[in-house]
There are 2 protein chains.
Amino acid sequence: MTGVTTAAADPVEPKPEKPRRARGEQTRQLILETALRLFRERGYAETTMRVIAKEAGVAVGNAYYYFDSKEHLIQGFYDRNQAAHREAAEQILASETELAPRLRGVLHAGIDVNEPYHSFAATLFKTAAEPTSPLSPFSRESSPAREAAIALFRDVVDGSTAKLDPELRKELPELLWLAWMGVVLFWVYDKSPGRRRTRRLIDGSVPLIDRLVSLSRLRVLRPALRQALALIESVRRDD
Amino acid sequence: MTGVTTAAADPVEPKPEKPRRARGEQTRQLILETALRLFRERGYAETTMRVIAKEAGVAVGNAYYYFDSKEHLIQGFYDRNQAAHREAAEQILASETELAPRLRGVLHAGIDVNEPYHSFAATLFKTAAEPTSPLSPFSRESSPAREAAIALFRDVVDGSTAKLDPELRKELPELLWLAWMGVVLFWVYDKSPGRRRTRRLIDGSVPLIDRLVSLSRLRVLRPALRQALALIESVRRDD
DNA sequence: CTGACTACTTGAACGCGTTCAAGCAGGAGC
DNA sequence: GCTCCTGCTTGAACGCGTTCAAGTAGTCAG
């Protein structure tokens, strides 16, 4: 869920490569709409394919004509939320100029957007976590969405008044995206009411990151920063 | 997958609370042994409960008398690897006295132990990643193994000659375990031959952690350290 | 030795996600 | 109008993990 939330992604790829006709597209939307509603109403595991089909007034097999599996239905949800995060973030970025509130706003916006779907985000997460899954935030298939997400964090950094080491500036967007992945991971596991703990994690981490970023220009920390950047470079390499 | 690998854990809790008799224990072991063998031979998803039962010469229902679910069978696999990691780590801890080599050795030992199961682990990871799964390293069922794993990292810290802030010393074992979880996550996704990138991640991170831990006693960093510790405390709280 | 208790064992049955051979329908070409 | 072609639709059937009412057998009290 929301691993790669943020990007404006193409709205759910169709399964058949054949030219789509109007009737098919209508049925497809009907099934997707019905499924997402039921997921929201009674949860993912409790919603059976049979019920989705019945509620949509089609046969079970019909759902499988348009979607490879029950999990693929979630892709539709996934794609919708990405646009929503982008939009919510845009508002923050237009009104804030300092790094900390910009970052904080964008992270909270991400949680806001995904909060209504927390319970079945966990299920999507199960699929996304599999290294071979196209839903994985690290997969090649997610690469455009991931790039867009990193670009969002580049906006966060570049649009801010923060002064920081130029080397760090280059890496920071990707590091912040990684931190965002960490927040999402925490959020998925967070069972506290209203996801209070995730909110606290954000509110606590952001000033800390902000402080460390400022400190990065301190002489005593230069070697450590160099070391960290070298580590990133060496791990990224795959030779 | 090795999420909680590391500890010497009690070898798979029995389901029935009643006093266990010899016959039951034997059947239990037989089922577990058969299941793990089949998982290794043909993979987790491809091994059905029916086949496990048949191969073990018992009824399907009998497997469910001893194990709550198919997933619970994997716990047996975990528990074994934990013992192996513990043992491998023990050797390092006995011969090294400085923090960095101790940590580095223990992390590498963890990868060594799990390397033969890398492909298997990737499949299992999908299951373990689900927050509601008993296999999740954060689940209640994994709690004894998790505690033991944290204890291992407490050994790493306490047995070393490193001087560090007492507050940090208290938190460091759990933080190192969390870092280990991160390494495992990276490892699962690591497709490089011989898992070179994971090795590099360890070799690069350890000196960095070591340096940061030393720097933590510096005056300029005290406020940041305090802030970080407060963050941990506030996030852990669930009120 | 007998009965009852209980740890252990059974396999048919359930509901699930998924598949597939079979049919339906509406537009293009004649 | 007829005939294909093909996008679309069907629902019985499959194999899976899991459950459970019904049994079996070892043990202990009397």
Side-chain angles (χ1 to χ4, degrees), chain A residues 13-32 34-36 38-39 42-76 120 123-124 126-127 130 133 135, chain B residues 12-32 34-36 38-39 42-76 123-124 126-128 130 132-135 141:
Chain A
E13 225 46 70
K15 181 179 167 188
E17 291 86 2
K18 312 282 177 74
R20 237 185 299 157
R21 302 214 204 139
R23 184 156 56 102
E25 184 54 25
Q26 208 174 326
T27 309
R28 184 197 169 72
Q29 289 301 332
L30 172 64
I31 292 168
L32 180 58
T34 308
L36 294 186
L38 290 172
F39 288 164
R42 34 166 115 179
Y44 178 78
E46 289 69 29
T47 304
T48 72
M49 291 300 279
R50 273 164 249 265
V51 167
I52 293 171
K54 189 171 204 174
E55 199 85 354
V58 299
V60 240
N62 206 357
Y64 283 93
Y65 181 75
Y66 293 102
F67 300 92
D68 282 322
S69 72
K70 188 182 177 186
E71 284 180 352
H72 275 78
L73 279 165
I74 310 183
Q75 286 263 23
F120 80 93
T123 310
L124 172 56
K126 174 184 173 157
T127 307
E130 195 181 28
S133 166
L135 265 75
Chain B
V12 183
E13 224 47 68
K15 182 179 165 188
E17 291 86 3
K18 311 282 177 71
R20 236 185 301 159
R21 299 210 207 146
R23 183 157 58 102
E25 185 54 25
Q26 208 174 328
T27 308
R28 184 196 170 72
Q29 290 300 332
L30 173 64
I31 293 169
L32 181 58
T34 308
L36 293 186
L38 291 173
F39 288 164
R42 35 168 115 180
Y44 177 75
E46 290 70 27
T47 304
T48 71
M49 291 299 280
R50 272 164 252 264
V51 167
I52 293 171
K54 190 171 202 173
E55 199 86 353
V58 300
V60 241
N62 205 357
Y64 284 92
Y65 181 74
Y66 292 104
F67 300 92
D68 282 322
S69 72
K70 188 182 177 186
E71 287 181 354
H72 277 80
L73 280 165
I74 311 182
Q75 284 274 14
T123 314
L124 259 49
K126 176 184 174 157
T127 309
E130 197 181 28
T132 59
S133 166
L135 288 177
E141 282 92 335

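Chain naming here is simple, since letters A, B, ... match the order of the sequence lines and numbering starts at 1 in each.
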Determine whether [X] and [Y] make a side-chain contact, defined as any pair of heavy atoms from C-beta on separated by less than 4.5 Å.
X	Y	value
B:V51	B:R42	yes
A:R28	A:F67	yes
B:L36	B:L73	no
B:F39	B:E46	no
B:H72	B:Y66	no

Enumerate the residues from residues 53-62 of chain A whose closest heavy atom to DNA chain C is under 4.0 Å, giving them by residue number; use none for an empty result.
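Within residues 53-62 of chain A, the residues near DNA chain C are A:V60, A:G61.
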For D:dG17, take OP1 and OP2 only and decide whether either is under 4.0 Å from a side-chain N or O of B:S69.
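So the side chain of B:S69 is outside the cut-off, no N or O lying under 4.0 Å from OP1 or OP2 of D:dG17.
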Short side-chain N/O contact to D:dT19 OP1/OP2 from B:Y64, under 4.0 Å
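No, because none of the side-chain N or O atoms of B:Y64 sits under 4.0 Å from OP1 or OP2 of D:dT19.
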Calculate the interatomic distance between [X] atom [atom1] and [N] atom [atom2]; express it in whole Å.
X	N	atom1	atom2	result
A:L38	C:dC16	CG	P	13 Å
A:F67	D:dC8	CZ	C1'	14 Å
B:R42	D:dC16	CZ	P	10 Å
A:M49	D:dT9	CE	P	14 Å
B:E46	D:dG17	CD	P	11 Å
B:L73	D:dT18	CG	C1'	13 Å

Measuring from atom CD of B:Q75 to atom CG of B:L32, what distance do you get when rounded to the nearest 0.5 angstrom?
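So the gap between those two atoms works out to 11.0 Å.
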I need the minimum non-hydrogen distance between A:A63 and A:I31, along with the two atoms involved.
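It is CA-CD1, 3.9 Å.
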Test for a donor-acceptor pair under 3.5 Å between the base of D:dG15 and the side chain of B:R50, counting only N and O atoms.
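Such a pair does not exist between side chain and base.
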Closest nucleotide among [options] to the [X] side chain:
X	options	result
B:K70	C:dG17, D:dG17, C:dA7	D:dG17
A:Y66	D:dT18, C:dG17, D:dC8	D:dC8
B:Y65	D:dG17, D:dC8, C:dA7	C:dA7
A:T27	D:dT9, D:dC16, C:dC8	D:dT9

Between B:A63 and A:T48, which residue's closest nucleotide on DNA chain C lies nearer the 5′ terminus?
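Nearest-nucleotide comparison on DNA chain C picks B:A63.
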